[in-house]
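Some notes on the structure that comes next.
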Protein chains: 2
Amino acid sequence: MATIIQVAELAGVSKATVSRVLSGSQLVAEETKLRVDHAIKQLGYRPNPAARALKSNRTNLIGVVIPTIESPFFGPFIGGVHAMLANTDFSLLFAGASVSPQSERRAVQSLIDRQCDGLILFLDFQVNPSELQDIDRYQDRMVMVGPNPSTFCNHQLSVDNLYGGYLAAKHLLQKGHRKIIFLSGEPHFDDARQRMQGCERALAEFGLSKKDIVIKFGPYSEEWGYEAGRDLLQKHKDCTAVLAGDDEIAAGVYTACRELGLQVGEDISVMGYDDMFFARHLYPSLTTIAQPMEEMGNQAASAIMDLIYQVDTIGRSTLLRPKLIERQSVKSLI
Amino acid sequence: MATIIQVAELAGVSKATVSRVLSGSQLVAEETKLRVDHAIKQLGYRPNPAARALKSNRTNLIGVVIPTIESPFFGPFIGGVHAMLANTDFSLLFAGASVSPQSERRAVQSLIDRQCDGLILFLDFQVNPSELQDIDRYQDRMVMVGPNPSTFCNHQLSVDNLYGGYLAAKHLLQKGHRKIIFLSGEPHFDDARQRMQGCERALAEFGLSKKDIVIKFGPYSEEWGYEAGRDLLQKHKDCTAVLAGDDEIAAGVYTACRELGLQVGEDISVMGYDDMFFARHLYPSLTTIAQPMEEMGNQAASAIMDLIYQVDTIGRSTLLRPKLIERQSVKSLI
DNA sequence: AAACTTCCTGTAACCGTTCACAAGGGTAAT
DNA sequence: ATTACCCTTGTGAACGGTTACAGGAAGTTT
């Protein structure tokens, strides 16, 4: 591996000059620059990132934590981050967590210890800053992604769950549905609560309230969707639509409907949430709300770069708008 | 940020001694070790990875390239790698590619430039080693994952596509199917070709050959699965089963079946390949072959660590066995 | 012609580790 | 007492860059 000294010798200059050429500083004569560039190419010289980092305190590393990489949910997010970083000289240091506060803490700590220049944290739990060594150095070089607002970070990025809930409910209402079953996620999750609020707002626009629909809370799981769906669809035969807290629940509802001899998109309308990978593969394909995960990744990455380059050090929190994906599981009653 | 010198001063020793304590070398008196440990804790000292890397030529970074992170396929793989690395002090440096030879080359190069200790390369294309600066230094510190064997790396990890093809075909044959439509991936892909071979072997076991089934080649896509499925199912009404090159194709076949009024799992059996995320969400849920992606990630990670620690420098290539996932899309004729 | 700029380049200190080597003190052997 | 050896610790030179500072060579001003 060629070093800067060998480049300097070959070009007949000092290593300082080579360094200046490398950093694109303009205080170097055109003719010299050419000679250095040529030497670099000839030797196939690549700067040693460790040496750089040591001296300059910049690693050009962006650390990313996500709750679980296994979930197909986060692929597009990472992809969005990665795409944004592609033409920069930042690299992506990845730390997954695995659904426990400790593992999230460890993941974050490992990135801090690596001296990343910036941190993108997509966390399921609240991390306690006092448990993290040297986290304070990152106050202005991190963005928190996800539904849980954090107090110790002033750069927040999340999807507007309220708006999403509103979109979902309004879509059903606009299609003429009035008797609706809402299978919501557990209300102690911020996102579930917000979707619920959005739903209420849509109801209000149509002169209705929470009391006019059937609501049940449960985990984001297919099993629960199946059980709750079967149960409530039997009890409330007049209902024409199910608003599911997420696509997993919706998938469970599909199964329940098949069991009850109800044809989705015909006898009963189903609305999902999240546009998970399988949503378009269900039959009939599921109308749902898409979270702009890739867009979020983009935004997170560009925000972090702004922060690193200090383009803009004012704290801000960005809300991204989810989108209605209309497929075939919702029938128009009008 | 505390440095080793401050730790040394606080403990009343030299930095060399601190370094020795850190590296767990035994040439340090118990009493001294205690004092140093205490100082480390008190200062919250974290070794500077850049300085370490500079001096020791070890970054403790494992670089991973995958074709696309967006695909849900690779989440479990990365997860497997990550899980294996979790209790070591290696970190995972991630570089995605985006379905082009150039972007794969760039991704690999960026990891080399970062001086990773080891490389895990999951590539779609053949990279030409001569196009990669300093790749030769990685000859014995990389593992190639995926169907395409490479000549310049002697540590290969892939799934046994031949066995998978065999498994899939045998399953249909065992269930009594004889008139089969095989919607294979393009034969210029190694994996498609191998699956085909496995299929032939299964046919042979039942006294049949390629000529006894209907074969068509096409891209791994739902669209093609739909078109080819509709076309061939109409032409060959006596066929009882479709063997799809992958789950996407199978999903397309489902659509074709619905259009033709054929009930999957009843009138026609469908076998997938890959156990993609949506496979269990199709209706009826798809019987398919699961690639052990997470297991592959595990193996890749532990192989790379063996290589780094030189546990075993003999080139080897490992074949992992895919698994049959029996669901409801294949009917037994016997 | 001296003094002052401007432009370019070199010198050398420094970043925080690791590690080869030297050295000190203690114990055992001669 | 001298020598030899072990155990533990310290000294100082790397590693490969960056950058403040100094300095030399032109060109410009007085």
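Chain A is the first sequence line, chain B the second, and so forth, proteins listed ahead of strands; every chain is numbered from 1. None of the values given here were measured: they were computed from a predicted structure.
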Just the table, please: protein N/O against nucleotides 12-16 of chain C N/O, every pair under 3.5 Å.
unit_1 : atom_1 : unit_2  : atom_2 : d
C/dC14 : O2     : A/Lys55 : NZ     : 3.1

Any pair counted as side-chain hydrogen bond (donor to acceptor under 3.5 Å, both in side chains), so long as it reaches residues 294-304 of chain A, sequence neighbours left out: A/Glu295-A/Gln299
Boundaries of the DNA chain D segment in contact with chain A, non-hydrogen, under 4.0 Å: D/dG16 to D/dT19
Salt bridge (charged side-chain N to carboxylate O under 4.0 Å, His left out) against A/Asp124, all qualifying residues, sequence neighbours excluded: none
Ion pair check, A/Asp37 and A/Lys33, cut-off under 4.0 Å: yes
Residues, nucleotides or ligands: over 12 heavy atoms within 6.0 Å of A/Asp136 CG: yes
Sugar-phosphate only, base, or nothing, as touched by B/Val13 at under 4.0 Å among non-hydrogen atoms: sugar-phosphate
Side-chain atoms of residues 16-23 of chain A: list all donor-acceptor pairs with protein atoms under 3.5 Å, sequence neighbours left out, distances to 0.1 Å.
unit_1  : atom_1 : unit_2  : atom_2 : d
A/Ser23 : OG     : A/Ser19 : O      : 3.3
A/Ser23 : OG     : A/Arg20 : O      : 3.2

First encountered from the 5' end of DNA chain C, between B/Arg20 and A/Lys33: A/Lys33
Any B/Ile112 side-chain heavy atom under 4.5 Å of A/Arg46 side chain: no
Sugar-phosphate, base or nothing in reach of B/Thr32, heavy atoms under 4.0 Å: sugar-phosphate
Qualifying residues under side-chain hydrogen bond (donor to acceptor under 3.5 Å, both in side chains), relative to B/Arg141, sequence neighbours excluded: none
Sole candidate of A/His38, A/Glu31, A/Glu30 that passes side chain to side chain contact (heavy atoms under 4.5 Å, CB included) when paired with A/Leu34: A/Glu30
